[in-house]
Amino acid sequence: MPELPEVEHVVRALRRGVLGRQIVATEIHLPKLVSPSSASTFSRKLKGSRIIAINRRGKYILIELEKLNARGRALTNALTNEGATASSLKPATEQVLIVHLRMTGKFMVLTPDDELPRHAHAVFYLDDERRLVFRDQRQFGIMRLAAKSRVGETKGISELAPEPFGSDFNVGYLKETLSRSRRTLKTLLLDQTRVLGLGNIYASEALFRAQINPFRIASALSSKRTERLHQSIRDVLRAAVSSNSSRRLNLEDPKGFSYGEAFGKVWQVYDREGKPCFKCGTRIKRITHGGRSTYWCPKCQRR
DNA sequence: ACCCTCACCTGCACGC
DNA sequence: TGCGTGCAGGTGAGGG
C-alpha cells in the first residue's frame, strides 16, 4: 500500500529508531520472504552487522550494513598496536538489505516486554535488547541481501526510472517517455520503470491535479499537459512527504500503524466515488482499469 | 519491445 | 451468524 511518500517516512522512522544498532541475530519465519536465499544463509550473513545508513530508491528501502570479519577486526587491533600496515587491513564487508513493502509490509520496533504481533515474518534482534520486526499480512513483501557495490545492478532496482525529485526527472524526460508509449496515462504512471514513486492513489491524484483524463493515450499528450503532469507528480508526492500527519511515524508505537491512518489525508478523487468533486461539485467516477480502481472527475478531467 | 492478464496472499466490507 | 463475492495503496512471470 505504501507509495513513495510512505516509504520515505518509513525510512526516516527507521533512521530515528535503529540507525547505528547492531544486528545480533535474525529469525525468518516466512522463508519465501528472503527467497531465493535460504533463511539460515540470510541470517548468517546478517549476524554481527551494524546498520550504518538507511536510504530509499523508489519504493525500495535500502538498509546499509557493515560487518567486520574476524580477520578485519584482528588486523584493526594489530594496526592499533603498530603491528600491521594499513595496506594489509582487510576492509569490512558492506552489504545492503533491500526491502520492498509491497502492499502490507510494515516495520515496527519492539521493546523486551512486547509480544510478537501476528504476521511477524522477520525478527532482527538488536544490540540494545529491542527487536526490529517486519510484519506483512499479505506476504507480498520481499527482502534481499546484496553487496553494496551491486545494489544498482539488482533486478528490480536497475530498471527503475529516475527519482521524481531528482534533476533527471525533468519535463524532457517525461515527454520522451510518454511519446514512446501507447498505453493510457493511468497505466503508464504506475509503471515504475517509466515514472517512479506513484502508486494507485497518487497516480489518480496527480492526474486530477493536472486536470488530465486518466484514459488519454500517453504518446498523444500535448506539451502543455505534459508539463502540467510533470509538475503535478512532484507536487502530489512532495505534499505527501511533507505532510504533518505522517511526520510522527513511530515504529515503537504499540498499536502499530496503518498507512491510511499514519498518512491520513483527504484525497481529492481517490476513494471518493459518487462524492462531489471539491473543485466543481460533479460526482467523482470510478472504473476498474488495468485491474486497478481509477478515480477521476468527469468534468475537470474531460477527454 | 511492448503490453496485458494473472498470480501471489490475507482480511475486510458488503449483500443475501 | 454464516457464507459467498469483490476488493485492497504492488509487482513480476508468462504469453500474445
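Model, not experiment: these values are computed from the prediction. Only heavy atoms go into these numbers, but all of them, side chains included; no hydrogens, no water, no symmetry mates. In what follows, chains carry the letters A, B, and so on, assigned in the order in which the sequence lines appear, proteins first and then strands, with residues in each chain numbered from 1.
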Under 3.5 Å, sequence neighbours excluded: what are the donor-acceptor pairs made by side chains of residues 31-40 of chain A?
| from | atom 1 | to | atom 2 | distance (Å) |
| --- | --- | --- | --- | --- |
| A:Lys32 | NZ | A:Gln139 | OE1 | 3.4 |
| A:Ser38 | OG | A:Ser40 | OG | 3.2 |
| A:Ser38 | OG | A:Thr41 | N | 3.1 |
| A:Ser38 | OG | A:Thr41 | OG1 | 2.8 |

Report task. For nucleotides B:dC3 and C:dG9, find the distance between their P atoms and express it as a whole number of Å. Result -> 22 Å
In terms of heavy-atom contacts, A:Val269 and A:Ser204 come closest through CG2-O, 3.7 Å
OP1 or OP2 of B:dC4 less than 4.0 angstrom from a side-chain nitrogen or oxygen of A:Thr187, does that happen here? no
Which of B:dT10, B:dC3, C:dG9 is nearest the side chain of A:Arg194? It is B:dC3
Taking the side chain as every heavy atom from C-beta outward, state whether A:Gln95 and A:Lys45 have any atom pair closer than 4.5 Å.
yes
Notebook entry, point to check: With a 4.0 Å cut-off, would you call A:Arg21 and A:Asp128 a salt bridge?
Noted result: yes
**Request:** Using a heavy-atom cut-off of under 4.0 Å over every strand shown, decide if A:Arg102 touches base, sugar-phosphate, or nothing.
**Result:** base
Ranking B:dC3, B:dC9, B:dG11 by distance to the side chain of A:Arg183, first place goes to B:dC3
Check your understanding: Is there a side-chain polar atom (N or O) of A:Lys59 under 4.0 Å from OP1 or OP2 of C:dG10?
Key -> yes
Separation of C:dG9 atom C1' from A:Glu8 atom CD, nearest Å, is 17 Å
Closest of C:dG9, B:dC3, B:dC9 to the A:Asn200 side chain is C:dG9
Under 6.0 Å between ring centres: does that hold for A:Tyr295 and A:Trp267?
no
Rounded to whole Å, CG of A:Asp191 lies from C1' of C:dG12 at a distance of 12 Å
A:Leu101 CG to B:dC9 P, in whole Å, measures 18 Å
Greater than 12 external heavy atoms within 6.0 Å of A:Lys67's NZ: yes
Taken to the nearest whole Å, CD1/A:Ile142 to C1'/C:dG10 is 11 Å
- Return no unless some side-chain N or O of A:Gln192 is found under 4.0 Å from OP1 or OP2 of C:dG10. no
Rounded to whole Å, the CH2-P distance (A:Trp267 to C:dA8) equals 15 Å
Rounded to whole Å, the NZ-C1' distance (A:Lys106 to C:dG10) equals 13 Å
Problem set entry | A:Arg182 side-chain N/O to B:dA1 phosphate OP1/OP2 under 4.0 Å | no
For atom P, what is the distance between B:dG11 and C:dG12, given to the nearest Å?
24 Å
Worksheet item: Using the rule for Phe, Tyr, His and the six-membered ring of Trp, do A:Phe140 and C:dG10 stack at under 5.5 Å and under 30°?
Response: yes
How is A:Gln137 classified with respect to the nucleic acid when contacts are heavy atoms under 4.0 Å: base, sugar-phosphate, or nothing?
base
query = Between A:Thr111 and A:Asp114, do the side chains contain an N or O donor and an N or O acceptor separated by less than 3.5 Å?
reply = yes
Here the distance between atom P of B:dC9 and atom CD of A:Gln139, to the nearest Å, is 7 Å
Item to complete: Check step by step if side-chain hydrogen bond (donor to acceptor under 3.5 Å, both in side chains) holds for A:Ser293 and A:Arg286.
Response: CA-CA 6 Å; A:Ser293 286; A:Arg286 182 192 81 92; 2.6 Å; yes
Show your working on salt bridge (charged side-chain N to carboxylate O under 4.0 Å, His left out) between A:Lys59 and A:Glu3 and close with a plain yes or no.
-> CA-CA 6 Å; A:Lys59 300 175 190 172; A:Glu3 305 181 31; 5.5 Å; no
Sorted by chain and residue number, the side-chain contact (heavy atoms from CB on, under 4.5 Å) partners of A:Arg292 (sequence neighbours excluded) come out as A:Lys186, A:Leu190, A:Asn200
- Mark yes when over 12 heavy atoms from residues, nucleotides or ligands other than A:Glu115 sit less than 6.0 Å from its CD; otherwise mark no. no
Checklist entry - On a whole-Å scale, what distance lies between the P atoms belonging to C:dG6 and B:dC6? => result 14 Å
Within residues 285-298 of chain A, those residues having any heavy atom closer than 4.0 Å to DNA chain C are A:Arg292, A:Ser293
SB check A:Arg180 A:Glu176 (cutoff 4.0 Å): yes
Residue pairs passing the ring-ring contact (aromatic ring centres under 6.0 Å, His included) test with at least one member in residues 123-166 of chain A, sequence neighbours excluded, are A:Phe107-A:Phe134
Taken to the nearest whole Å, CZ/A:Arg118 to C1'/B:dG11 is 9 Å
Would you say A:His100 reaches C:dG12's phosphate, i.e. side-chain N/O to OP1/OP2 under 4.0 Å? no
Writing each nucleotide of DNA chain C 5' to 3' as (, ), [, ], | or . by Watson-Crick or G-U pairing under 3.5 Å yields .|||||||.|||||||
Can you find a side chain N or O atom of A:Tyr202 that sits less than 4.0 Å from OP1 or OP2 on C:dG9?
no
Could you write out each protein N or O paired with an N or O of nucleotides 13-15 of chain C at a distance under 3.5 Å?
| from | atom 1 | to | atom 2 | distance (Å) |
| --- | --- | --- | --- | --- |
| C:dA13 | OP1 | A:Lys155 | NZ | 2.7 |

(Q) If I pick the P atom on B:dT5 and the same atom on C:dC7, what distance separates them, to the nearest angstrom? (A) 15 Å
